[in-house]
Amino acid sequence: QVQVVESGGGLVQAGGSLRLSCTVSGLTFGSYAMGWFRQAPGKDREGIACISVSGGIAYYADSVKGRFTIARDNAKSTLYLQMNSLKPEDTGMYYCAVHQRISFGMSSLAPNKYDDWGQGTQVTVSS
């Protein structure tokens, strides 16, 4: 059974930083691309970053480009999201998930290309 567990969320002031982690078990982590998503209250879940199997290719939503960095450690079966220069509009529940398509590209930010979701970690950015 696949388990996906996010951690690292919290309350931070605007301009601050947080680092999220996502540990995955029950599958060969190094064989799957991965993604980070967020959902604000009353809004749809949106893809914000995704990363290839090797970690050499990453795509970002325009809203986080230049501020967030996705990374992975296949030896530790862990995905990371470094978030800098946080803004109040970054507030939401953050999720990671396992990419389930053969092809990987910019379209891999779409949530419907993923299965095996975690429960999420809350990020709140105060102004």
Side-chain angles (χ1 to χ4, degrees):
Q1 182 178 357
V2 178
Q3 288 191 318
V4 179
V5 180
E6 302 93 339
S7 62
L11 173 64
V12 64
Q13 288 188 332
S17 298
L18 281 175
R19 188 196 196 200
L20 305 184
S21 297
C22 169
T23 57
V24 181
S25 60
L27 54 71
T28 305
F29 180 78
S31 296
Y32 294 87
M34 296 289 298
W36 281 104
F37 304 82
R38 70 182 176 196
Q39 188 165 19
K43 294 189 177 181
D44 292 335
R45 189 171 299 187
E46 62 169 334
I48 55 174
C50 58
I51 190 167
S52 63
V53 167
S54 67
I57 299 172
Y59 298 99
Y60 297 90
D62 288 343
S63 58
V64 306
K65 199 174 295 182
R67 301 187 297 122
F68 291 11
T69 302
I70 189 172
R72 65 190 298 161
D73 185 334
N74 287 345
K76 295 182 178 179
S77 298
T78 302
L79 180 72
Y80 302 100
L81 185 68
Q82 178 66 43
M83 306 187 294
N84 299 329
S85 303
L86 283 161
K87 304 175 181 180
E89 51 264 43
D90 293 318
T91 293
M93 189 69 78
Y94 282 68
Y95 303 88
C96 68
V98 183
H99 188 257
Q100 300 288 350
R101 299 293 187 271
I102 295 176
S103 62
F104 178 79
M106 190 66 189
S107 65
S108 296
L109 286 173
N112 64 2
K113 298 185 186 296
Y114 292 78
D115 286 323
D116 299 316
W117 294 82
Q119 294 299 306
T121 185
Q122 177 69 36
V123 172
T124 303
V125 184
S126 62
S127 56

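All residue numbers in this chain count up from 1 along the given sequence.
Under the 4.5 Å side-chain heavy-atom criterion for grouping Ile, Leu, Val, Met, Phe, Trp and Tyr, Ile70 is not connected to Tyr59 through any hydrophobic cluster. In terms of hydrophobic clustering, with Ile, Leu, Val, Met, Phe, Trp and Tyr side chains grouped at heavy-atom distances under 4.5 Å, Ile51 and Met83 are assigned to a common cluster. Connection of Val4 to Phe37 is not established within any shared hydrophobic cluster, with ILVMFWY side chains joined at heavy-atom distances below 4.5 Å, either directly or through further cluster members. With hydrophobic clusters built from ILVMFWY side chains whose heavy atoms lie under 4.5 angstrom apart, Met93 shares a cluster with Trp117. The hydrophobic cluster containing Val64 also contains Leu18, counting ILVMFWY residues as joined when their side-chain heavy atoms lie under 4.5 angstrom apart, directly or transitively.
Residue Leu81 comes nearest to Ala49 through the heavy atom pair CD1-CB, 4.2 Å, listed as atom of the first residue, atom of the second, then distance. In terms of heavy atoms, Ser127 sits closest to Pro88 at CB-CG, 3.9 Å. The shortest heavy-atom contact between Ser126 and Leu11 is CB-CD1, 4.4 Å.
Listed by first and then second residue, the salt bridge (charged side-chain N to carboxylate O under 4.0 Å, His left out) pairs involving residues 56-65 are Asp62-Lys65 (not counting sequence neighbours). Applying the disulfide (SG to SG under 2.5 Å) rule to pairs touching residues 36-122 yields Cys22-Cys96, sequence neighbours excluded.
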Walk me through it: do Thr91 and Gln122 pass the test side-chain contact (heavy atoms from CB on, under 4.5 Å)? CA-CA 8 Å; Thr91 293; Gln122 177 69 36; 4.1 Å; yes
Could you go through Tyr60 and Thr69, starting from their C-alpha distance and side-chain angles, then the distance that decides it, and tell me whether this counts as side-chain contact (heavy atoms from CB on, under 4.5 Å)? CA-CA 8 Å; Tyr60 297 90; Thr69 302; 3.8 Å; yes
Start with the C-alpha distance between Thr121 and Ser7, add both sets of side-chain angles, then the distance that settles side-chain contact (heavy atoms from CB on, under 4.5 Å), and finish with yes or no. CA-CA 6 Å; Thr121 185; Ser7 62; 5.5 Å; no
Would you check, one step at a time, whether the test side-chain contact (heavy atoms from CB on, under 4.5 Å) holds for Leu86 with Phe68? CA-CA 9 Å; Leu86 283 161; Phe68 291 11; 3.8 Å; yes
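Checking side-chain atoms of Thr23 against main-chain N and O of Thr78 turns up no donor-acceptor pair under 3.5 Å. Checking side-chain atoms of Arg72 against main-chain N and O of Ser52 turns up a donor-acceptor pair under 3.5 Å. A donor-acceptor pair is defined here as one N or O able to donate and one able to accept, closer than 3.5 Å; no such pair exists between the side chain of Asp90 and the backbone of Ser63.
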Donor-acceptor pairs are to be reported for all side-chain atoms of residues 26-36 against protein atoms at under 3.5 Å, with residues two or more places apart or in another chain.
| unit_1 | atom_1 | unit_2 | atom_2 | d |
| --- | --- | --- | --- | --- |
| Trp36 | NE1 | Tyr80 | O | 3.0 |

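A side chain to side chain contact (heavy atoms under 4.5 Å, CB included) with Tyr95 holds for exactly one of Arg38, Gln119, Gln39; it is Gln39. Exactly one of His99, Gln100, Gln1, Gln3 qualifies for a side-chain hydrogen bond (donor to acceptor under 3.5 Å, both in side chains) with Asp116. That residue is Gln100.
Side-chain contact between Ser107 and Lys113 is present, with heavy atoms from C-beta onward closer than 4.5 Å.
No more than 12 heavy atoms of other residues, nucleotides or ligands lie within 6.0 Å of CG in Asp44, so this atom counts as exposed by the packing criterion.
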